[in-house]
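Comments concern the structure below.
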Amino acid sequence: MKKIVLAVLTAATLFTMVGCKKADSKKFVLGLDASFPPMGFTEADGSIVGYDIDLAKEVSKRLGLEFVAKPIDWNAKEMELSSGSIDCIWNGFTITDERINSMSFTPAYLNNDQVLVVRAKSGIKTLAEAKGITVACQAGSSAEEAINDNKEFADSLKAVVYYEENLTALTDLKVGSVDGVVMDSIVARYMISTTKDDSLVVVEEPLAAEGYGIGFRKSDDGAKLRDDVWNTLLEMTKDGTVAKISNQWFGKDISVIGK
């Protein structure tokens with residue numbers, strides 16, 4: 001399989017490590033890719049909204065903390081966390097063995113799949129039928145891991161190109177610059193349904209099943225904050241707040257918190 005790296009860089013990649021400082025204890029700073037609907041994304045007016053954002057705002061309120069959503073370069077998320085510029089990564093963040101080794105995770109709060117999105121007119125309905133195509137994915141994402149872990153699928157591809165975020169990859173898919181995008185099922189289905197775009201379809205056969213968790217620093221402070229956040233989410237589940245937020249974004253309660 002031939003790999004091509006798409007050079008899409010932002011100034012966010014150029015920051016200086018200042019040691020493992022603890023973020024302001026009166027604030028709850030959430031690091032996210034602000035172009036990842038419906039989990040967290042930027043509206044036309046510049047505000048950051050989303051399912052994860054609504055959950056995190058309510059958690060912050062109950063913990064007596066000021067909520068701050070901080071967009072980051074997703075390919076440098078681990079560095080942002082370890083440097084102390086953010087308190088957690090909470091943005092459709094997949095729990096993986098590699099990530100567990102470097103940070104402290106909550107249990108999964110949502111289930112998800114990595115899927116292949118293609119143009120409807122391509123006729124591709126299975127992963128095997130994707131042989132010889134060029135596929136895009138977000139650099140540093142679990143989509144990249146899903147491709148690499150599925151050797152048969154990866155070896156069948158013509159090339160893999162890497163993007164800074166999924167929205168640009170999907171735009172390039174529409175115009176034919178790539179033949180498919182591997183990405184989160186929740187995000188792909190949400191974007192296709194909300195835009196009513198029948199030019200793109202999700203291949204029903206998933207590449208990988210996964211769970212979304214919240215990543216914190218591996219430290220005493222990080223573990224305490226993780227436990228405070230998770231216990232608050234459990235309370236929000238019991239009093240119906242989580243179900244209410246889920247229904248607002250997905251039309252049903254898809255949370256797996258405490259289940």
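Values reported hereafter were calculated over all heavy atoms of this structure, with side chains retained and with hydrogens, waters and symmetry mates removed. Since the structure is predicted, the reported quantities are computational estimates derived from the model, not experimental observations.
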Under the 3.5 angstrom rule, does the side chain of [X] hit a backbone N or O of [Y] as a donor-acceptor pair?
X: S246; Y: V242; answer: no
X: D113; Y: V115; answer: no
X: K77; Y: G140; answer: yes
X: E165; Y: L167; answer: yes
X: S83; Y: M79; answer: yes

Nearest 0.5 Å please: distance from the [atom1] atom of [X] over to the [atom2] atom of [Y].
X: S122; Y: I133; atom1: OG; atom2: CD1; answer: 7.5 Å
X: I254; Y: N111; atom1: CD1; atom2: CG; answer: 9.0 Å
X: F41; Y: I53; atom1: CZ; atom2: CD1; answer: 9.5 Å
X: T134; Y: D179; atom1: OG1; atom2: CG; answer: 5.0 Å
X: W249; Y: I186; atom1: CH2; atom2: CD1; answer: 13.0 Å
X: T232; Y: K61; atom1: OG1; atom2: NZ; answer: 13.0 Å

Same cluster or not: [X] versus [Y], using hydrophobic residues (I, L, V, M, F, W, Y) connected whenever any side-chain heavy atoms lie under 4.5 Å apart?
X: L63; Y: W230; value: yes
X: L234; Y: I214; value: yes
X: I100; Y: M103; value: yes

Give a yes-or-no answer on whether the side chains of [X] and [Y] include a donor-acceptor pair shorter than 3.5 Å.
X: D52; Y: N91; value: no
X: S104; Y: R226; value: yes
X: E210; Y: T94; value: yes
X: S85; Y: E80; value: yes
X: S141; Y: E144; value: no
X: S199; Y: D197; value: yes
X: T241; Y: R62; value: yes

Side chain proximity check, [X] to [Y], heavy atoms < 4.5 angstrom:
X: D228; Y: F28; value: no
X: L207; Y: V182; value: yes
X: L65; Y: K27; value: no
X: V160; Y: C137; value: yes
X: E164; Y: N75; value: no
X: F36; Y: N166; value: yes

Discussion item. Could you walk me through whether Q114 and S142 satisfy the side-chain contact (heavy atoms from CB on, under 4.5 Å) test, starting with their C-alpha distance in whole Å, then the side-chain angles of each, then the deciding distance to 0.1 Å, before giving a yes or no?
Written reply: CA-CA 8 Å; Q114 287 298 323; S142 57; 3.0 Å; yes
Distance-minimising heavy-atom pair for [X] and [Y]:
X: F216; Y: C88; answer: CE2-CB, 3.6 Å
X: P107; Y: I95; answer: C-CD1, 4.1 Å
X: G215; Y: L81; answer: O-CD2, 4.1 Å
X: A108; Y: G211; answer: CB-CA, 4.1 Å
X: L110; Y: V256; answer: N-CG2, 3.6 Å
X: M183; Y: V187; answer: CE-CG1, 3.7 Å

Between [Y] and [X], is the closest basic N to carboxylate O distance under 4.0 Å?
X: K125; Y: E129; value: no
X: K244; Y: D253; value: no
X: R217; Y: D87; value: yes

Worksheet item: Taking V135 as the fixed residue, which of V118, L116, V117, L173 is the one that meets the side chain to side chain contact (heavy atoms under 4.5 Å, CB included) rule?
Response: L116
Practice prompt. Apply side-chain contact (heavy atoms from CB on, under 4.5 Å) to Q138 and D33, showing your working.
Written response: CA-CA 11 Å; Q138 184 179 33; D33 166 11; 2.9 Å; yes
Discussion item. I'd like to know whether Y163 forms a side-chain contact (heavy atoms from CB on, under 4.5 Å) with D172, so could you lay out the CA-CA distance, the side-chain angles of the two residues, the decisive distance to 0.1 Å, and finally the verdict.
Written reply: CA-CA 10 Å; Y163 283 72; D172 279 4; 2.5 Å; yes
[atom1]/[X]: more than 12 non-hydrogen atoms of other groups inside 6.0 Å:
X: D97; atom1: CG; value: no
X: D239; atom1: CG; value: yes
X: K259; atom1: NZ; value: yes

Practice prompt. Decide side chain to side chain donor-acceptor pair (under 3.5 Å) for S219 and D221; before the verdict, give the C-alpha distance in whole Å, the side-chain angles of both, and the deciding distance to 0.1 Å.
Written response: CA-CA 5 Å; S219 65; D221 288 338; 5.4 Å; no
Worksheet item: Under the side-chain contact (heavy atoms from CB on, under 4.5 Å) criterion, do L30 and K70 qualify, and how do the steps go?
Response: CA-CA 6 Å; L30 180 153; K70 181 177 179 179; over 6 Å; no
Worksheet, complete the sentence: Only residue of F250, Y190, Y212 satisfying ring-ring contact (aromatic ring centres under 6.0 Å, His included) with Y51 is F250
Discussion item. Checking F105 against F93 for the ring pair (Phe, Tyr, Trp, His ring centres under 6.0 Å) test, could you report, in this order, the C-alpha distance in whole Å, the side-chain angles of both residues, the deciding distance, and whether it holds?
Written reply: CA-CA 10 Å; F105 264 97; F93 192 35; 5.3 Å; yes
